[in-house]
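Note sheet for the following structure.
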Amino acid sequence: MLKRTCTCGEPRKNNSGETITLSGWINTYRDQGKGLVFIDLRDRYGMTQVVFDAEDTPTEVMDAGSTLRREDVISVTGEIRLRDGKPNARLATGEIELVAKDIEVINRTAKLPILPDDHDADKIGEEHRLKYRYIDLRRPAMQKILKLRHQITQFTRNFFASNDFLEIETPLLITPTPEGARDFIVPSRHQEGCWYALPQSPQIFKQILMVAGCDKYLQICKCLRDEDPRADRQAEFTQIDLEMSFVDQDDVLAIMSEFATGLYKEVGGIDLGDLPHISWKDAMDKYGSDRPDTRFDLQLQDVTELASKTDFKVFNEACESGGNVKAMRVPGGAEKLSRKKTDAFAEVAKTYGAGGLPVVKYEGGKFVTGVAKFVEPIKEELVQALGLEDGDIVMFGVGSYRVACTSLGEVRLAVAKELDLIPKGLFRGLWVIDFPMFDWNEEGQRWVSEHHPFTAPLESHLDILESDPENCLSSGYDLVINGAEVGGGSIRIHTPEIQSKVFGLLGLSQEEAEDKFGFLLNALRFGAPPHGGVAFGLDRLVMMMIGTDNIRDVIAFPKTQTGADLMCEAPGIADPNQLDELGIIMREPVQTTEPA
RNA sequence: GGGGCGGUAGCUCAAUUGGUUAGAGUACCGGCCUGUCGAGCCGGUUGUUGCGGGUUCGAGUCCCGUCCGCCUCGCCA
């Protein structure tokens with residue numbers, strides 16, 4: 001093999017006259033006829049134009065050159081020279097070209113199913129890109145993502161290493177636990193009938209590492225949750241997982257803020273500014289979300305009391321059942337938001353549990369359209385409360401506190417998108433703190449953890465943990481950037497007494513708690529330091545910096561909505577002998593279906 | 001589990017109220033062309049219309065079922 005002496009991104013005009021060897025893929029070929037062929041040779045580092053010029057290239061090399069096709073793999077030796085034609089400003093190497101003197105055609109490609117072209121990549125069906133991922137990943141845009149992801153993990157390791165964190169691995173084969181997401185489970189061969197779970201996160205292990213005196217822990221680890229994916233969510237994803245001992249919330253937020261702002265600045269060239277703290281209640285009240293997007297101004301206001309003075313049945317029912325009415329003023333919205341558009345926003349509200357989206361416009365000093373006649377009696381008060389000006393539109397979120405807030409909060413995002421209120425290139429981050437400890441689950445008629453069962457209550461709320469769980473706040477915190485949760489954590493419970501109480505509130509009996517979490521409770525009995533930490537979603541960090549909404553763009557080998565890997569065709573059928581060794585009998589004979 | 005969108009040539013798409021031989025661009029193959037760079041010009045090959053069933057004289061088009069992909073609600077401590 002002709003071994004390369006430099007990469008396709010390197011040669012410049014000051015290398016003129018040098019003889020070098022390049023290796024790579026044929027990106028394009030331009031055959032000008034007998035005696036002149038251009039190819040662009042591509043590797044991870046860039047592209048260089050290679051010219052086969054009969055005046056300077058040996059005949060047999062000319063012949064080989066004219067047979068080259070896109071994505072063939074070659075090595076080519078030649079001399080760098082300034083281009084005869086115009087330089088190509090779009091290529092870093094655009095001022096020079098390599099005059100082919102010797103060539104080795106290393107591997108010719110079969111007929112290509114897709115072309116690795118950034119130019120029309122978004123036109124290619126994602127299904128094809130995933131099936132032929134090795135071709136798709138050759139695209140410079142995909143290479144850029146892989147590199148950015150690498151830079152983020154490198155920055156992370158360097159940052160935390162220089163702050164005395166130890167990178168420690170935790171097991172992949174662990175024990176199934178109740179609570180939380182559905183586990184992926186793995187059969188045990190040695191103990192027939194028993195199963196491992198794949199970790200939803202290393203949560204308990206990292207806490208135990210604190211008990212073990214490790215003090216500061218870091219891991220960049222895979223987490224697995226057998227739940228339905230979304231555009232920004234995969235069953236298999238990566239967390240930057242951290243834990244620290246002898247710290248309080250301020251300590252954790254301080255170093256994690258330093259990390260986050262440093263990361264965005266160093267790797268992304270993005271100034272995140274300060275990361276203010278906002279309480280969960282404030283976030284819900286003002287933005288209708290526990291991950292508020294603060295890049296634009298629209299805010300929600302509570303008008304429950306005013307609404308109760310109206311004769312509007314929808315308002316009254318919410319008020320009487322202890323719910324809320326939230327209002328959002330959209331300045332100048334009366335003209336910009338047609339009935340058709342507000343109807344579309346109503347669909348958004350309905351998706352999030354609201355019955356609809358009452359709307360009223362304020363024009364010429366009076367309310368018009370929608371629920372105008374219902375809010376007329378509270379006109380003066382409403383105008384004053386919301387600071388209404390002529391030409392505004394008001395939308396209402398009605399329902400239980402969470403439904404009123406979140407449905408209108410989602411409408412807020414839709415309105416911002418519709419009216420193009422979100423400045424491009426702006427990044428805004430904040431910490432959401434003071435989450436509730438619990439959320440009441442109607443279906444199961446029990447409390448569930450808002451964060452997770454190991455989250456400590458605020459010290460000041462310890463006394464109401466059991467007497468008033470609804471109002472007990474936790475030490476949980478989420479880092480939110482541009483309306484996306486990019487990380488979250490908490491100060492953990494570090495005594496077995498409180499941990500048992502929380503398990504109890506979650507409806508886990510003493511026996512169940514001991515059975516499922518005994519190892520943690522035990523660890524807490526043997527000298528657990530106060531500790532807390534964070535996990536950042538690596539995939540989301542990459543997505544945000546690269547500017548994509550699609551998590552599959554930032555994962556080398558992602559899975560589909562049904563958890564399939566279209567390239568390797570996972571999941572697959574196990575050999576009957578494998579199942580037999582594991583003591584597993586299929587309920588139904590396996591149906592092999594022909595792929596479509 | 002629910003709702004929505006989609007599946008036609010290797011790829012991206014078109015195909016009128018159901019109508020005869022399913023087209024175009026691109027890729028690929030052949031030819032021409034000595035300064036191109038998403039090269040150009042000329043010619044050519046390419047189809048289980050996802051799969052199965054039904055209605056019909058006739059189905060890419062209508063109906064039923066099913067598979068796959070995407071978006072989404074639930075779910076994701």
Side-chain angles (χ1 to χ4, degrees), chain A residues 27-40 47-57 62 67 69-71 83-91 93-94 97 109-132 135 177-183 200-201 203-204 223-235 237 347-348 350-353 410 435 437-439 441 443 447-455 474 476 485 488 490 502-503 506 508 517 537 549-550 552 559-562 564 566 591-596:
Chain A
N27 195 67
T28 49
Y29 68 95
R30 297 178 291 276
D31 186 346
Q32 300 295 121
K34 287 195 180 63
L36 189 66
V37 174
F38 298 102
I39 63 166
D40 292 333
M47 277 205 286
T48 297
Q49 172 166 291
V50 179
V51 60
F52 297 77
D53 183 342
E55 289 174 20
D56 302 290
T57 302
M62 280 304 299
T67 68
R69 290 297 178 268
R70 300 181 68 161
E71 300 309 309
R83 291 187 178 197
D84 266 5
K86 288 177 189 163
N88 184 343
R90 284 186 291 181
L91 281 185
T93 61
E97 63 190 3
T109 180
K111 200 172 179 181
L112 292 160
I114 62 171
L115 288 169
D117 262 7
D118 282 339
H119 186 261
D120 49 18
D122 52 356
K123 289 186 202 151
I124 300 175
E126 198 175 12
E127 216 172 330
H128 291 106
R129 289 177 45 207
L130 294 180
K131 180 167 182 183
Y132 301 99
I135 299 176
T177 52
E179 298 289 309
R182 186 181 294 116
D183 283 327
Q200 298 173 28
S201 83
Q203 181 61 37
I204 298 176
C223 301
L224 299 118
R225 298 176 187 175
D226 190 6
E227 300 290 350
D228 289 353
R230 288 288 184 279
D232 63 349
R233 211 167 81 191
Q234 288 257 302
F237 64 101
E347 288 307 311
V348 172
K350 283 181 193 170
T351 312
Y352 290 88
E410 293 293 333
F435 280 78
M437 274 292 282
F438 307 104
D439 185 21
N441 178 273
E443 214 175 301
W447 294 108
V448 294
S449 293
E450 177 78 29
H451 222 88
H452 60 52
F454 319 109
T455 299
S474 83
E485 182 197 330
S490 62
V502 170
F503 283 149
L506 295 173
L508 277 173
F517 296 107
D549 293 326
N550 181 350
R552 294 177 299 277
K559 292 186 171 58
T560 67
Q561 292 262 322
T562 56
L566 297 179
Q591 302 281 332
T592 49
T593 49
E594 286 299 315

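The shown structure was predicted, so the numbers you read here are calculated from the model rather than taken from an experiment. Below, chains carry the letters A, B, ... as their sequence lines are ordered, and counting in each starts from 1. We use all heavy atoms of the structure for the numbers below, so side chains are in, but hydrogens, waters and symmetry mates are not.
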Q: Provide the Watson-Crick or G-U wobble partner of B/rA24, both distances under 3.5 Å; none if there is no partner.
A: B/rU12
(Q) Suppose we define a pair by two distances each less than 3.5 Å, Watson-Crick or G-U wobble; what does B/rC5 pair with here? (A) B/rG69
Q | Out of B/rC28, B/rC76, B/rG35, whichever nucleotide has its closest atom nearest the side chain of A/Q32 | A | B/rG35
Q: Could you check which of B/rC28, B/rC75, B/rG69 has an atom nearest any side-chain atom of A/L566?
A: B/rG69
(Q) Base, sugar-phosphate or nothing for A/T28? Non-hydrogen atoms, less than 4.0 Å. (A) sugar-phosphate
**Q.** Student check: side-chain heavy atoms of A/R552 and A/L130 closer than 4.5 Å
**A.** yes
Q. So what does A/G125 touch, heavy atoms closer than 4.0 Å: a base, only the sugar-phosphate, or nothing?
A. sugar-phosphate
(Q) Please give the distance between the P atoms of B/rU16 and B/rG52 as a whole number of Å. (A) 23 Å
Q.
With rounding to the closest Å, how many angstrom separate the P atoms on B/rU66 and B/rG1?
A. 11 Å
Q. Taking side chain as C-beta onward, heavy atoms only, is A/E450 less than 4.5 Å from A/T455?
A. no
Q: For A/G476 and A/S490, work out which heavy atoms get closest and say how close.
A: CA-CB, 3.7 Å
Q. If you check the A/T560 side chain, which of B/rC37, B/rG69, B/rU34 turns out closest?
A. B/rG69
Q: Identify the heavy atoms of A/R70 and A/L112 that sit nearest to each other, and give their distance.
A: O-CD1, 3.6 Å
Q. Is A/E97 touching bases, backbone alone, or none of the nucleic acid, heavy atoms closer than 4.0 Å?
A. base
(Q) What contact category does A/D120 fall into here, base, sugar-phosphate, or nothing, at under 4.0 angstrom with non-hydrogen atoms? (A) base
Q) Looking at A/H128, does any N or O in its side chain come under 4.0 Å of the phosphate oxygens OP1/OP2 on B/rU12? A) yes
Q) If we take the P atom in both B/rC57 and B/rG18, what is their distance in whole Å? A) 16 Å
**Q.** Donor-acceptor contact below 3.5 Å, side chain A/R83 vs main chain A/E97
**A.** no
Q. If you look at every strand shown and take non-hydrogen atoms under 4.0 Å, does A/D226 touch a base, only sugar-phosphate, or nothing?
A. nothing
Q | C1'-based separation of B/rU12 from B/rU72 [nearest Å] | A | 26 Å
**Q.** Any A/Y29 side-chain N or O less than 4.0 Å from OP1/OP2 of B/rC28
**A.** yes
**Q.** Separation of the C1' atoms in B/rA27 and B/rC62, to the nearest angstrom
**A.** 35 Å
Q: Pick base, sugar-phosphate or nothing for A/P113, based on heavy-atom distances below 4.0 Å to the nucleic acid.
A: sugar-phosphate
**Q.** Given RNA chain B, 5'-ward residue of the pair A/E179 and A/Q561, judged by closest heavy atom
**A.** A/Q561
Q: Report the distance from atom CG of A/L36 to atom C1' of B/rC32, rounded to the nearest whole Å.
A: 14 Å
Q) Whole Å only: how far is the CG atom of A/D84 from the P atom of B/rU36? A) 10 Å
Q: Could you check how far CZ of A/R30 sits from C1' of B/rU36, rounded to whole Å?
A: 5 Å
Q) When only distance counts, do a donor and an acceptor, one from the side chain of A/R230 and one from the base of B/rG74, lie under 3.5 Å apart? A) yes
Q | Spacing of the C1' atoms in B/rG4 and B/rC13 (rounded, Å) | A | 22 Å
Q: Please state the P separation for the pair B/rU61 and B/rU21 - nearest whole angstrom.
A: 16 Å
Q.
Please classify the nucleic acid contact of A/E127 as base, sugar-phosphate, or nothing, using heavy-atom distances under 4.0 Å.
A. sugar-phosphate
Q | Between A/D183 and A/Q200: side-chain donor-acceptor atoms closer than 3.5 Å | A | yes
Q: Both distances under 3.5 Å, Watson-Crick or G-U wobble: report the partner of B/rG18, or none.
A: none
Q. Using a cut-off of 4.0 Å on non-hydrogen atoms, how would the nucleic acid contact of A/E126 be classed: base, sugar-phosphate, or nothing?
A. sugar-phosphate
(Q) Under 3.5 Å for both donor-acceptor distances, Watson-Crick or wobble: does B/rG40 have a partner, and if so which one? (A) B/rC32
Q. Are A/D228 and A/R233 within salt-bridge range, i.e. N to O under 4.0 Å?
A. no
Q. In whole angstrom, what separates A/L224's CG from B/rC76's C1'?
A. 13 Å
(Q) Ignoring hydrogens and geometry beyond distance, is the side chain of A/R69 in donor-acceptor contact with the base of B/rC29 at under 3.5 Å? (A) no
Q) Does the side chain of A/P116 reach to within under 4.5 Å of the side chain of A/E71, using non-hydrogen atoms? A) yes
Q: State whether A/T562 places a side-chain N or O below 4.0 Å from either non-bridging phosphate oxygen (OP1 or OP2) of B/rC68.
A: no
Q. B/rG35 C1' sits how many Å from A/D53 CG, rounded?
A. 9 Å
Q: Would you kindly give the CG-to-P distance between A/D439 and B/rC76, to the nearest whole Å?
A: 11 Å
Q. Start at the 5' end of RNA chain B and walk down; is the nucleotide closest to A/E55 or to A/D117 reached first?
A. A/E55
Q. Which whole-number value in Å describes the distance from A/Q49 CD to B/rC37 P?
A. 10 Å
Q: For A/R129, answer base if it contacts any base atom (sugar-phosphate contacts may also be present), sugar-phosphate if it contacts only those atoms, and nothing otherwise; contact means non-hydrogen atoms under 4.0 Å.
A: nothing
Q: Round to the nearest Å and state the distance from A/I124 atom CD1 to B/rC13 atom C1'.
A: 13 Å
Q: Examine the base of B/rC76 for any acceptor or donor lying under 3.5 Å from a partner atom in the side chain of A/R233, and report the outcome as yes or no.
A: yes
**Q.** P-based separation of B/rG10 from B/rC73 [nearest Å]
**A.** 36 Å
Q.
Check the orientation of A/F517 and A/F454. Use parallel for under 30°, tilted for 30 to 60°, and perpendicular for over 60°.
A. perpendicular
Q: Between B/rA27, B/rU12, B/rU72, spot the one nearest the side chain of A/A231, thanks.
A: B/rU72
(Q) Need one value for A/A564: base, sugar-phosphate or nothing, where a base atom within 4.0 Å counts as base even if backbone is also close, heavy atoms only. (A) sugar-phosphate
